[in-house]
> 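Sharing a structure below in structure tokens format, with a few things to ask.
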Amino acid sequence: MKSDVYYGSYLQLDTLLQAQHPESVKHGKPAHDEMLFIIVHQAFELWFKQILFELKDVINILQRDYVPEAEIGTCLARVQRVNRILTMLPDQFSILETMTPMGFMEFRDYLNPASGFQSWQFRLFEIALGVDESKRLHLDKKGYVSRLAQEHQDEVRQALEQPTLFSSVQSWLEKMPFMQGDDFHFWVEYRNAVKSIFDHDRAELQKVSSLTSEQLEHQERQIYSLEQNFDALFDEHRFEELRAAGSKRLSQRATVAALFVSVYAKYPLLQGPFKLLDTILEMDNLVSLFRYRHTSMVTRMIGQRTGTGGSSGADYLMQTVTRHRAFGDIAALSSYLLAPECVPTLPADIVRKLQFAVES
């Protein structure tokens with residue numbers, strides 16, 4: 001016979017509610033705000049666990065040889081859930097900020113050398129997301145892994161060998177069909193369309209009489225640079241040179257596929273992939289906003305002082321806001337989007353493939 005499930009036992013509340021042990025109490029100088037500090041950070045870690053649980057499922061789905069359309073909807077739901085969590089997390093900093101800087105100073109020294117820098121779950125989240133390890137900001141030559149306990153070092157090193165959301169999205173995009181028909185090659189048609197836009201921008205720039213010669217030259221250089229980067233999308237050799245130099249990360253095939261999905265997102269069978277990519281970009285932005293909000297809270301609490309883990313505090317955290325993004329290549333594709341009337345028309349055979357069966 002099935003035994004009754006009791007609320008407290010199911011949630012392990014006896015363990016959970018007894019897991020707060022303020023250091024200030026151990027030193028005989030209880031600091032009232034330390035309980036809040038502990039609970040907020042424990043809540044962060046619980047949410048990190050849920051985020052990792054969701055991303056693992058998405059990664060497992062997207063790295064398959066074939067991803068059914070229904071599974072794209074599953075991935076979208078998982079990432080949307082992660083985004084809801086990431087949207088909520090900065091509010092926990094607002095709760096923490098009901099503690100004054102002086103209140104924090106009552107127990108801060110008792111925490112050395114512990115630091116949020118040692119949150120191995122957040123490191124696992126960064127890794128699962130696909131943060132580029134070659135561009136990661138390190139505190140010292142030993143790197144972030146050395147600051148963790150041995151069992152967590154092992155867990156992080158194992159994670160570095162596993163597929164990430166970035167690598168899984170790249171693999172999925174590289175398998176994207178529809179970009180080519182008997183008489184249609186997306187990259188040829190779209191390249192011609194965008195080139196005419198660059199020519200148009202140059203012509204319009206010449207009409208702006210208020211620009212100085214230096215400003216005009218600067219604007220023309222910007223257009224030229226953008227045009228060169230766009231041309232590289234369709235030149236395998238040049239694109240690989242950019243990847244080797246570190247200015248591109250996503251593969252050429254995946255990049256062009258992401259552009260194709262963005263351009264023709266109105267078609268039914270591309271709406272799911274487009275929403276998924278857009279939601280993943282939102283997640284990348286929300287992680288940056290979380291980092292920024294964390295930086296803002298740290299600045300309020302300790303100013304420009306060194307962090308308890310030995311970092312440069314707010315200065316280090318601010319640099320990670322932009323440096324630790326995973327999907328910058330996909331975000332940059334908006335530079336090459338055209339007005340709807342300028343988009344090359346798809347052949348009828350490809351349009352049929354992109355419609356629901358009843359519409360076809």
Side-chain angles (χ1 to χ4, degrees), residues 11 13 16-25 30-55 78-126 128-129 131 137 144 279-326:
L11 297 178
L13 292 183
L16 192 62
L17 297 179
Q18 295 300 317
Q20 296 77 40
H21 306 285
E23 288 294 312
S24 59
V25 173
H32 180 84
D33 286 342
E34 191 178 0
M35 179 65 78
L36 174 69
F37 186 85
I38 293 172
I39 288 176
V40 167
H41 284 83
Q42 287 178 335
F44 275 131
E45 294 298 331
L46 285 171
W47 285 122
F48 292 157
K49 182 174 183 177
Q50 184 66 39
I51 288 172
L52 289 168
F53 182 72
E54 302 295 344
L55 288 185
R78 301 280 189 268
V79 178
Q80 285 175 329
R81 179 176 292 168
V82 170
N83 287 357
R84 289 292 184 91
I85 295 171
L86 290 171
T87 300
M88 173 272 298
L89 284 184
D91 288 339
Q92 293 191 182
F93 290 125
S94 298
I95 297 171
L96 199 57
E97 286 174 337
T98 61
M99 173 179 66
T100 65
M102 288 296 292
F104 182 45
M105 292 304 162
E106 283 188 59
F107 62 90
R108 181 176 185 255
D109 285 349
Y110 298 138
L111 306 184
N112 280 311
S115 165
F117 196 77
Q118 296 169 332
S119 170
W120 74 92
Q121 283 204 122
F122 189 73
R123 297 305 175 199
L124 292 173
F125 175 31
E126 291 179 319
L129 192 63
V131 168
L137 183 65
Y144 67 95
T279 306
I280 288 172
L281 287 181
E282 181 186 10
M283 177 168 57
D284 213 16
N285 288 334
L286 287 170
V287 174
S288 291
L289 289 172
F290 173 81
R291 294 182 191 278
Y292 179 79
R293 188 65 183 85
H294 183 207
T295 304
S296 176
M297 185 273 296
V298 168
T299 301
R300 178 177 180 273
M301 291 297 174
I302 66 170
Q304 298 301 312
R305 294 175 68 175
T306 300
T308 52
S311 74
S312 55
D315 180 60
Y316 165 81
L317 294 172
M318 184 59 76
Q319 290 183 65
T320 68
V321 173
T322 55
R323 190 159 172 172
H324 289 181
R325 294 181 67 108

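Note: hydrogens, waters and symmetry copies are ignored here, and every other heavy atom, side chains too, is used.
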> With rounding to the nearest 0.5 angstrom, report the CD to OG1 distance, Glu282 to Thr87.
6.0 Å
> If I take atom CG from residue Leu52 and atom CG from residue Leu129, how far apart are they, to the nearest 0.5 angstrom?
10.5 Å
> Are any of the side-chain heavy atoms of Phe48 and Leu124 separated by less than 4.5 Å?
no
> What residue among Asn285, Leu286, Leu289 forms side-chain contact (heavy atoms from CB on, under 4.5 Å) with Leu86?
Leu286
> Heavy atoms, side chains only, cut-off 4.5 Å: are Asn83 and Val79 in contact?
yes
> On a heavy-atom basis, which atom in Ile85 and which in Gln50 lie closest, and how many Å separate them?
CD1-CG, 3.8 Å
> So, Gln42 side chain and Ala19 main chain: donor-acceptor pair closer than 3.5 Å or not?
yes
> Contact between Trp47 and Phe44 at the side-chain level, heavy atoms closer than 4.5 Å - yes or no?
no
> Flag yes if more than 12 heavy atoms outside Phe122 fall under 6.0 Å of its CZ atom; otherwise flag no.
yes
> Between Pro90 and Arg293, which heavy-atom pair has the shortest distance, and what is it?
CB-CG, 3.8 Å
> Between the side chain of Gln92 and the main-chain N/O of Leu89, is any donor-acceptor distance below 3.5 Å?
no
> Measuring from Phe290:CZ to Thr295:OG1, what's the distance to the nearest 0.5 Å?
9.5 Å
> Is there side-chain contact between Val287 and Arg291, with heavy atoms separated by less than 4.5 Å?
yes
> Quick one: pull up CG in Leu16 and CD1 in Ile39 and give me the separation to the nearest 0.5 Å.
9.0 Å
> Are any non-hydrogen side-chain atoms of His32 and Phe107 less than 4.5 angstrom apart?
no
> What do the steps show when you test Ile302 against Met105 for side-chain contact (heavy atoms from CB on, under 4.5 Å), and what is the final call?
CA-CA 9 Å; Ile302 66 170; Met105 292 304 162; 4.1 Å; yes
> One pair to check against side-chain contact (heavy atoms from CB on, under 4.5 Å): Glu106 and Ser24. What are the steps and the verdict?
CA-CA 8 Å; Glu106 283 188 59; Ser24 59; over 6 Å; no
> Given Met297 and Arg300, is the side-chain contact (heavy atoms from CB on, under 4.5 Å) satisfied, shown in steps?
CA-CA 5 Å; Met297 185 273 296; Arg300 178 177 180 273; 5.7 Å; no
> Can you find a heavy atom in the side chain of Leu111 that is under 4.5 Å from one in the side chain of Glu34?
yes
> Okay, side chain of Asp33, backbone of Phe104: is any donor-acceptor separation there less than 3.5 Å?
no
> To the nearest 0.5 angstrom, please state how far the CD atom of Gln18 sits from the CG atom of Leu13.
10.5 Å
> Could you give me the CA-CA distance, side-chain angles and deciding distance for Phe125 and Leu55, then say whether side-chain contact (heavy atoms from CB on, under 4.5 Å) is met?
CA-CA 9 Å; Phe125 175 31; Leu55 288 185; 3.6 Å; yes
> Heavy-atom count around Met102 CE within 6.0 Å, excluding the residue itself: above 12?
no
> Does any part of the side chain of Ile95, heavy atoms only, come nearer than 4.5 Å to the side chain of Leu36, both counted from C-beta?
yes
> If you define the side chain from C-beta out and look only at heavy atoms, does anything of Pro22 sit under 4.5 Å from Ile38?
yes
> Taking everything shown except His41 itself, do over 12 heavy atoms lie less than 6.0 Å from its NE2?
yes
> Return the CE to CE distance between Met99 and Met35, rounded to the nearest 0.5 Å.
13.5 Å
